[in-house]
Amino acid sequence: MKNAPAVIYKKLLTAFGPQGWWPLYSVAKGRCVYPPLVYLPPDENGRFEICTGALLTQNTAWTNVEKALARLKAENMLSARRLAAAPEGEIAGLIRSSGYFMQKARKLKIFSRHLLQRHPEGIEKWFSGPLESVRAELLSVWGIGPETADSMLLYAGGRPTFVVDAYTRRLLSRLGFAEARAYDEARNLYMRLLPADYKIYNEYHALIVELGKRHCAKTPRCANCPLSAACPKEKI
DNA sequence: ACCCAGGTGTTTC
DNA sequence: GAAACACATGGG
């Protein structure tokens, strides 16, 4: 198959429709339309909320993260200044539903402090620098790994960087790209074979997650697998 | 009572 | 470096 990642993208989009992840919104949710999404740039508060969500969703279901974000918002704590100043124990109590609350409270505080001290001009300015440089700086912050860094850059910054998760790697392996095992290998592969378009990267990652949730996690031998050519005999 | 979810850091071979 | 482990809640 030529450029399998691009072919799979179209198949997934046709099968599942636009997912409408932050900050993209479906023009017609549930339908396959092209271009599938419109982009509504977040304001600075929105950017911070997305970065917070990226940290809280580490190995955690998004529904649990939504509760934590709502709680932070209700207590007027969803800002870099408030989180940087608050005791970790207090933050932990608010984000309890997202799991790993002690670790994540610390991560939120460290990220907030880094933002205020090193980039007081804000996330938009910070994330608008050279992509790989900003990414490397994010990776140097405790609690931010490659997936979180790419999620922040893509979803909060609108930068074209591909987010790789566990499903993505299993999918690549299924497609025969055995060499792309490490995170950066997989990321480079997708970015080489797809246009550098944040809308595509955004939607693609969301579609892969949906594939994992809907199909692979629970139905290893689903007859309606959207990837018929590569339909898994086991979990992809 | 399991298993999984939009991972990361630390420890250990 | 690559495994193994800790971190923890909520839904199926």
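Note: hydrogens, waters and symmetry copies are ignored here, and every other heavy atom, side chains too, is used. The sequence lines fix the lettering, A, B, ..., with proteins before strands; numbering per chain opens at 1.
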Note to self: Checking A:Glu137 against A:His114: is there a side-chain donor and acceptor pair closer than 3.5 Å?
What the structure shows: yes

Checklist line | Interface with DNA chain B, restricted to residues 96-105 of chain A and to heavy atoms under 4.0 Å | finding: A:Tyr100, A:Gln103

Mind listing the side-chain donor-acceptor pairs of residues 64-78 of chain A below 3.5 Å, one per line with the distance, residues two or more places apart or on another chain?
| from | atom 1 | to | atom 2 | distance (Å) |
| --- | --- | --- | --- | --- |
| A:Glu66 | OE2 | A:Trp62 | NE1 | 3.4 |
| A:Lys73 | NZ | A:Glu49 | OE1 | 3.3 |
| A:Lys73 | NZ | A:Glu49 | OE2 | 3.2 |

Check: Can you list the residues that meet the side-chain hydrogen bond (donor to acceptor under 3.5 Å, both in side chains) rule with A:Asn188, with sequence neighbours excluded?
Finding: none

Check: Could you give the CG-to-C1' distance, from A:Leu211 to B:dG6, as a whole number of Å?
Finding: 13 Å

List the atom pairs, donor and acceptor, that lie under 3.5 Å between side-chain atoms in residues 143-155 of chain A and the rest of the protein, sequence neighbours left out.
| from | atom 1 | to | atom 2 | distance (Å) |
| --- | --- | --- | --- | --- |
| A:Thr148 | OG1 | A:Gln58 | NE2 | 2.9 |
| A:Asp150 | OD1 | A:Arg135 | NE | 2.8 |
| A:Asp150 | OD1 | A:Thr161 | OG1 | 2.7 |
| A:Asp150 | OD2 | A:Arg135 | NH2 | 3.1 |
| A:Asp150 | OD2 | A:Tyr183 | OH | 2.6 |
| A:Ser151 | OG | A:Glu147 | O | 2.8 |
| A:Tyr155 | OH | A:Asn202 | O | 3.2 |

Next item on the list: Calculate the interatomic distance between A:Ile208 atom CD1 and B:dA5 atom P; express it in whole Å.
Entry: 14 Å

Margin query: Show every salt bridge (charged side-chain N to carboxylate O under 4.0 Å, His left out) that has at least one partner inside residues 108-120 of chain A, sequence neighbours left out.
Written below: none

Checklist line | All pairs passing side-chain hydrogen bond (donor to acceptor under 3.5 Å, both in side chains) where residues 85-97 of chain A contributes a residue, at least two apart | finding: none

Note to self: Whole angstroms only, please: what is the CD1-P distance between A:Ile95 and C:dG10?
What the structure shows: 12 Å

Checklist line | Interatomic distance, A:Lys67 NZ vs B:dA5 P [rounded to whole Å] | finding: 17 Å

Next item on the list: Using the P atom as the reference point in each nucleotide, state the distance between B:dT10 and C:dA8 in Å, no decimals.
Entry: 14 Å

Note to self: In whole Å, I'd like the distance from the OH atom of A:Tyr183 to the P atom of C:dA2.
What the structure shows: 17 Å

Item checked: Rounded distance in Å - OH (A:Tyr167) to P (B:dC4) -> 9 Å

Next item on the list: Check the distance between B:dA5's P and A:Glu210's CD and give it to me in whole angstrom.
Entry: 13 Å

Checklist line | side-chain hydrogen bond (donor to acceptor under 3.5 Å, both in side chains) against A:Tyr198, all qualifying residues, sequence neighbours excluded | finding: none

Checklist line | Inter-nucleotide C1' distance (B:dG6, C:dA2), Å rounded | finding: 24 Å

Notebook entry, point to check: Hey, can you pull the residues of residues 52-64 of chain A with a non-hydrogen atom under 4.0 angstrom from DNA chain B?
Noted result: A:Thr57, A:Gln58, A:Asn59, A:Thr60, A:Ala61, A:Trp62

Note to self: Give me each pair satisfying ring pair (Phe, Tyr, Trp, His ring centres under 6.0 Å) with a member in residues 63-104 of chain A, each pair once, sequence neighbours excluded.
What the structure shows: none

Note to self: Could you tell me how far apart A:Ile91 (CD1) and C:dT9 (C1') are, to the nearest whole angstrom?
What the structure shows: 18 Å

Check: Between A:Tyr9 and A:Tyr204, how do the two ring planes meet: parallel, tilted or perpendicular, split at 30° and 60°?
Finding: tilted

Next item on the list: Can you sort out which residues in residues 130-151 of chain A have a heavy atom within less than 4.0 Å of DNA chain B? Ascending by number, please.
Entry: A:Val141, A:Trp142, A:Gly143, A:Ile144, A:Gly145, A:Pro146, A:Glu147, A:Thr148

Checklist line | Set of residues satisfying ring-ring contact (aromatic ring centres under 6.0 Å, His included) with respect to A:Tyr201, sequence neighbours excluded | finding: A:Phe162

Margin query: Could you work out, with ring-ring contact (aromatic ring centres under 6.0 Å, His included) as the rule, every residue matching A:Phe48, not counting sequence neighbours?
Written below: none

